[in-house]
Amino acid sequence: MLKDITLGQYFPIESFLHKLDPRTKILIFILDIVIIFMAQTAVSYAVLIGFTFLLMLISRVPVKMYIKGLKPILYIIIFTAILNLFLTDGRDLPVFGYSIGITVEGAIVAVKMAVRLVLLIIASSALTYTTSPMALTDGIEKLLKPLSRIGFPSHELAMMMSIAIKFVPTLIEETDKIIKAQKARGASFDTGSIFKRAKALIPMLVPLFISAFRRADDLAIAMESRCYTGGDGRTRLREIKFTRTDLIGALAFLVIFAGVIAIDIVF
Amino acid sequence: MLKAEKLFYSYDNGEKKIEAVLDNLNLNIKKGEFVAVLGHNGCGKSTLAKHFNGLLTPLGGNVYVSGINTKDEDKIWEIRRQVGMVFQNPDNQIVANVVEEDVAFAPENLGIPSAEIRQRVDEALKTVDMYHYRKHAPHLLSGGQKQRVAIAGAIAMRPECIVMDEPTAMLDPMGRAEVMETILKLKARENMTVVLITHYMDEAAQADRVIVMDDGHIVIDDVPRKVFSQVELLKSLGLDVPQVTELAYELNSSGIEIDYDVLTVTECADKIMDYVRSVKSGN
């Protein structure tokens, strides 16, 4: 049951997006979020939707992967759309001649929010599908590097993230094992009241935590044995480099984003 | 290569004085030697291993790695580079989520240029026969494969010596065979000094030299053949002997007198055949 959880859903193929420096992608992603929430007019949304389709196309990741990424968020999108539909004040919007409490403004906000969420999810999927978790943490480390001058632990943060990602499957496996062991001794995790079920989790969490600490200890010794001394003086197998491809990519994206802002100002 | 002089160590766990884990231990391991360390649980094997790369420093006596004292804190990283370590649990020593990134971990820490890291990683993965899996996620590999990746991670530092603390304890028979094969290959091809701590007698039988520890001391230190012929002593230390040696020993105690310094099945079979023939010709 727990095996189904996927994290860092990297899709290892070759594409223009895959080749970009993770830093470029992270920055474009952040910019994309800002623009998505700034856009106001239908035209700018049309441009953004077009941009998102372009992303999907050049990532060369199958469209069904993106749809799979949207599925878990579907209920949230529907829920917010319904709330917006009914709870926004404004002119009454009759449906088949009957007034059921929907407003024109509500309908507009609902559609806008739904589009925004879908675009956001697709953009983040495009980022994680085309960037390996290692590259992603590398990119974050490099981006936060300037902050290390004022004492921000950028390398440590990136190392923690990549180790956390690495141990997710191991700990999931462990959890599965503990659940089975406890079930074999008559524990029940899915009957009784919510309170009872929550209490039943304790005998699962305690061994999980103890084993996680033991693993952490082992890992620390193994890392020390392999000469880990922190971020200083460390080189990388694959140095991330800002190349001409990145420049071209970044410029193209900037033009699109500038276009969206211009459209908003003009209309 | 590795030298321990009057080594003394005890764990201070806040309780009243506990017994010494290592007591006045002397050991000298030469370059290119394959040494197996045997002993029941708690005899100080792992503690000894941790002294060889400065994870622990002696409370008494000295440990030298290529002539460098492990107490020398300025040279601790040089010592760790020279002595690669492989531990019991493969899951807990793999750092990255791609095989080749994990093998690159140590060279990255050493500040080696990217191009050379690439070369070392490929070489190390080829040595342990895992090159084909370089882009895989470690958690999808079998135990033996994971442990081979861990060995590659250690040899990517280009160490002089590799110390393994029960690397096969958590593996199935297939995985154990894979790891043993890799160890023998390392020794044969790279003339690597190998210290293998193990519970399995058949693994120790393949070493050049076997050290049996008990209670922080070295009890026996000899070639496998001589060590395993001391069946009674080994049994009194809570250890087993390889199955063939055991068979020869049991035959002896039933009055069938054959040599029991045998280590392999063929050797044992030959000895028994010799005995049968000698009995026949005697008649």
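Both backbone and side-chain heavy atoms feed into the values below; hydrogens, waters and symmetry mates do not. Letters go in sequence order (proteins before strands), and every chain restarts at 1.
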First locate atom [atom1] of [X], then atom [atom2] of [Y], and finally report the distance between them rounded to the nearest 0.5 Å.
X	Y	atom1	atom2	answer
Asn92(B)	Arg214(A)	CG	CZ	10.0 Å
Arg226(A)	Asn109(B)	CZ	CG	8.0 Å
Gln93(B)	Ile221(A)	CD	CD1	11.0 Å
Thr229(A)	Arg80(B)	OG1	CZ	10.5 Å
Asp102(B)	Met134(A)	CG	CE	8.0 Å

Does atom [atom1] of [X] have more than 12 heavy-atom neighbours from other groups under 6.0 Å away?
X	atom1	answer
Tyr75(A)	OH	no
Phe29(A)	CZ	yes
Lys19(A)	NZ	no
Lys30(B)	NZ	no
Lys199(A)	NZ	no
Phe16(A)	CZ	yes
Glu181(B)	CD	no

Taking every non-hydrogen pair under 4.5 Å, which of [options] racks up the most with chain A?
options	value
Gly84(B), Pro159(B), Ser114(B)	Ser114(B)
Leu110(B), Asn97(B), Val86(B)	Asn97(B)
Glu116(B), Lys50(B), Glu101(B)	Glu101(B)
Ile112(B), Ile79(B), Val98(B)	Ile112(B)

Query raised in the report: Is any side-chain heavy atom of Ile94(B) less than 4.5 Å from a side-chain heavy atom of Lys166(A)?
Result: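 A side-chain contact exists here, since the closest heavy-atom pair is under 4.5 Å.
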Query raised in the report: Does the side chain of Phe105(B) reach to within under 4.5 Å of the side chain of Arg234(A), using non-hydrogen atoms?
Result: yes
With only heavy atoms counted, which part of [X] is less than 4.5 Å from chain A, the side chain, the backbone, both or neither?
X	answer
Ala104(B)	side chain
Glu100(B)	both
Asp91(B)	both

Query raised in the report: Hey, which residues of residues 134-156 of chain B are touching chain A, say heavy atoms under 4.5 Å apart?
Result: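 Those residues of residues 134-156 of chain B which have a heavy atom under 4.5 Å from chain A are Lys135(B), His139(B), Gly153(B).
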Query raised in the report: At a heavy-atom separation under 4.5 Å, does Ser225(A) approach chain B through its side chain, its backbone, both, or neither?
Result: both
Report task. Just do the side-chain contact (heavy atoms from CB on, under 4.5 Å) check on Asn89(B) and Arg215(A) with the steps written out, would you? Result -> CA-CA 9 Å; Asn89(B) 189 334; Arg215(A) 279 181 197 282; 4.1 Å; yes
Report task. Start with the C-alpha distance between Asp218(A) and Phe87(B), add both sets of side-chain angles, then the distance that settles side-chain contact (heavy atoms from CB on, under 4.5 Å), and finish with yes or no. Result -> CA-CA 9 Å; Asp218(A) 278 0; Phe87(B) 297 94; over 6 Å; no
Requested in this report: Determine, stepwise, if the pair Arg238(A) / Glu108(B) fulfils salt bridge (charged side-chain N to carboxylate O under 4.0 Å, His left out).
Outcome: CA-CA 10 Å; Arg238(A) 246 186 289 275; Glu108(B) 284 176 345; over 6 Å; no
